[in-house]
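Read through the structure below, which is laid out as structure tokens, and then see the notes.
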Amino acid sequence: MKKYQVGVIGAGWMAKAHMSNLQKTGRADICWIAARNPENLEKVRSDFGIPNKSHDYHDMLRDPQVDVVLITTPPHLHHEMFIETVKAGKHVLLEKPMALDMNEVKEMIKVKDEHPEVIAVECSGRHSRLTPKFRAVKEIIDSGALGEIYSIHHSSVARQNRPGIEFHPPAKWFLDKSLAGGGPLFDWGVYDLSFHLGVLGDAYEVEKVESAILKSGLDEVDPGTDIYDVEEHLMVHMKLSNNVSYYWERAAHANMESPNETRISGTRGGIKLAYCSWDDPAVVFYDLDEDGKAREKRIELDYEGVEDGVALIEHFIRVLDGSEEAIISLAIAKKHMDILCKCREVADNSL
């Protein structure tokens, strides 16, 4: 089987996670790394035994031996790096969110369409579509057991959390809207939409963003940076096609707490779950028995050995091999980005 020659742009937490997972597959040689910070660049190059390094990612793009490039930089850099990588004829694994706005997204799609030989996968399938819960919920919905779905309600509200930096403290760019695009709207929104629209088969469209509220300035504790202008709490109500109501709430910080939970209601049954792999591994299914009495069934799923990051990289390798279709194609990522940007626009216009 082919062993892919991989270059990585970025030397932060996500770059290291991807490289570790690539090495576990045995299907890739990491031959290049590019990053701006000299100390990070040299340490990561040494730790992973990478032969080539540069502060300019164009150096790896000029190497004809490189098959694949992983873009793991902050979102404000994705647009330019993606376009240059595709023009160089390299396959791409692009970190989420794919860009900052729809003008950037449309240009990226246009360039990719001009290079159909290039394979491009966006990373928001990591915590959403490559999990046992996603497969179980989609199977139940596809079976018709829920009947006609009319409501999706999702809530995940934390206190004094910070977008991104709760697991990667040095990455202060997460708090700067000009670099990150937004707080939980962009950081977690891509995962939420990926799961919820994915279990519906990606057939549903957003007909209207009925309301959107993005609140900031709620947490006055100094996060250690001069800029903290991303939203902390989002509340969105959307109308999907086929008269499906989608209420979505997520907060990195609010003066309230609620667990990560999704509830999907249909005319014959319902589902409740926390879709992340580190949450309760069960899916709760509600319906009526033969006598019309309410009942529930707890479906226990096996999560032994499940690692979201490994699953993403293994999926990407199979896409490169041609044995699978990308679970998050650029077309799907574009659809999700369009929804996020519309939510931001409605929230801005409501001020």
Side-chain angles (χ1 to χ4, degrees), residues 7-10 12 14-15 18 34-36 57-58 61 68-88 90-116 118-129 163-164 168 171-194 197-198 202 206 209 212 214 227 229-231 234 236 250 312 316 326-348:
V8 180
I9 307 177
M14 190 53 68
H18 281 318
R36 293 177 176 177
Y57 70 93
H58 293 92
L61 299 185
V68 180
V69 171
L70 275 56
I71 300 176
T72 70
T73 56
H76 72 290
L77 299 172
H78 290 178
H79 169 254
E80 177 185 331
M81 290 177 172
F82 178 86
I83 287 175
E84 294 297 320
T85 301
V86 170
K87 287 182 175 179
K90 315 297 186 185
H91 304 307
V92 187
L93 182 65
L94 177 64
E95 258 308 324
K96 60 82 190 174
M98 65 183 296
L100 296 183
D101 59 50
M102 289 310 295
N103 288 331
E104 290 187 347
V105 169
K106 289 174 183 177
E107 187 176 0
M108 293 161 75
I109 297 285
K110 179 177 181 296
V111 172
K112 170 61 183 69
D113 287 346
E114 293 168 354
H115 294 80
V118 170
I119 294 168
V121 176
E122 191 255 20
C123 287
S124 62
R126 174 172 38 233
H127 299 313
S128 57
R129 300 195 179 193
H168 187 31
K172 303 298 187 183
W173 58 264
F174 271 107
L175 307 183
D176 185 337
K177 186 176 178 180
S178 70
L179 305 181
L185 180 69
F186 273 42
D187 184 32
W188 270 97
V190 289
Y191 293 132
D192 294 339
L193 293 175
S194 177
L197 298 185
D202 289 316
V206 173
V209 179
L214 305 181
I227 300 176
D229 64 354
V230 297
E231 80 285 345
L234 70 90
V236 174
R250 186 173 276 279
L312 173 65
F316 182 53
I327 201 160
I328 299 291
S329 65
L330 288 193
I332 292 173
K334 176 182 180 241
K335 178 178 179 179
H336 297 166
M337 285 296 303
D338 187 43
I339 295 169
L340 298 180
C341 290
K342 284 178 179 175
C343 290
R344 185 170 62 187
E345 180 181 353
V346 169
D348 289 345

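The chain is numbered in sequence order, starting from 1. Reckoned from all heavy atoms, side chains included, excluding hydrogens, waters and symmetry mates. Owing to the predicted nature of the structure, the values given are computational and were not obtained by experimental measurement.
With hydrogens and angles disregarded, no donor-acceptor distance shorter than 3.5 Å links the side chain of R129 to the backbone of I328. Between the E122 side chain and the K96 main chain, no donor and acceptor come within less than 3.5 Å of each other. With hydrogens and angles ignored, the 3.5 Å screen pairs no side-chain donor or acceptor of D176 with any backbone N or O of I227. Without hydrogens or angle criteria, H76 side chain to L100 main chain gives no donor-acceptor distance under 3.5 Å. Within the 3.5 Å criterion, the main-chain N or O of M14 finds no donor-acceptor partner in the side chain of E95. Distance alone, capped at 3.5 Å, is enough to place a donor-acceptor pair between the K335 side chain and the D202 backbone. Of the possible donor and acceptor atoms, none in the side chain of R344 sits under 3.5 Å from a partner among the backbone N and O of D101.
Rounding to the nearest 0.5 angstrom, the gap separating the CD1 atom in I109 from the OG atom in S329 is 8.0 Å. Rounding to the nearest 0.5 Å gives a distance of 8.5 Å between OG of S124 and CG of L193. The structure places NE2 of H18 at 11.0 Å from CD1 of I71, a figure rounded to the nearest 0.5 Å. The CG atom of L70 lies 9.0 Å from the CD1 atom of I9; values are rounded to the nearest 0.5 Å. Here the straight-line distance linking atom CD of E114 with atom NZ of K87 works out to 7.5 Å at 0.5 Å rounding. Atom CD1 in I339 sits 11.0 Å away from atom CG in L185 (nearest 0.5 Å).
Of all non-hydrogen atoms in G183 and E231, the two that sit nearest each other are N-OE2, 2.8 Å. Shown here for L61 and T85, the closest heavy-atom pair between the two residues is CD2-OG1, 3.8 Å. Closest approach of V86 and V118 over heavy atoms only: O-CG2, 3.9 Å. Taking each heavy atom of G10 and V8 in turn, the nearest pair found is O-CG1, 3.6 Å. Closest of all the heavy-atom pairs between S194 and S128 is OG-OG, 2.8 Å. The two residues M337 and P97 make their nearest non-hydrogen contact at SD-CB, 3.8 Å.
Side-chain contact check for T73 versus M81: some heavy-atom pair is nearer than 4.5 Å. Two residues are said to be in side-chain contact when any heavy atoms from C-beta on lie closer than 4.5 Å; F186 and K177 fail this criterion. Between C343 and V346 the shortest side-chain heavy-atom distance does not fall below 4.5 Å. Under the 4.5 Å side-chain criterion, counting only non-hydrogen atoms from C-beta, V209 is in contact with V236.
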Stepwise side-chain contact (heavy atoms from CB on, under 4.5 Å) test for V190 and L340:
CA-CA 8 Å; V190 289; L340 298 180; 3.8 Å; yes
The test is side-chain contact (heavy atoms from CB on, under 4.5 Å); show your working for M108 and L94 and say whether it passes.
CA-CA 11 Å; M108 293 161 75; L94 177 64; 3.8 Å; yes
Any chance you could lay out the side-chain contact (heavy atoms from CB on, under 4.5 Å) test for V230 and F174, step after step, and finish with the verdict?
CA-CA 8 Å; V230 297; F174 271 107; over 6 Å; no
Applying side-chain contact (heavy atoms from CB on, under 4.5 Å), run through L77 and W173 and close with a yes or a no.
CA-CA 12 Å; L77 299 172; W173 58 264; over 6 Å; no
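For K334, the NZ atom counts as loosely surrounded, since its 6.0 Å shell holds 12 or fewer non-hydrogen atoms of other residues, nucleotides or ligands.
The side chain to side chain contact (heavy atoms under 4.5 Å, CB included) test with H79 is passed by exactly one of M98, E84, E104: E104.
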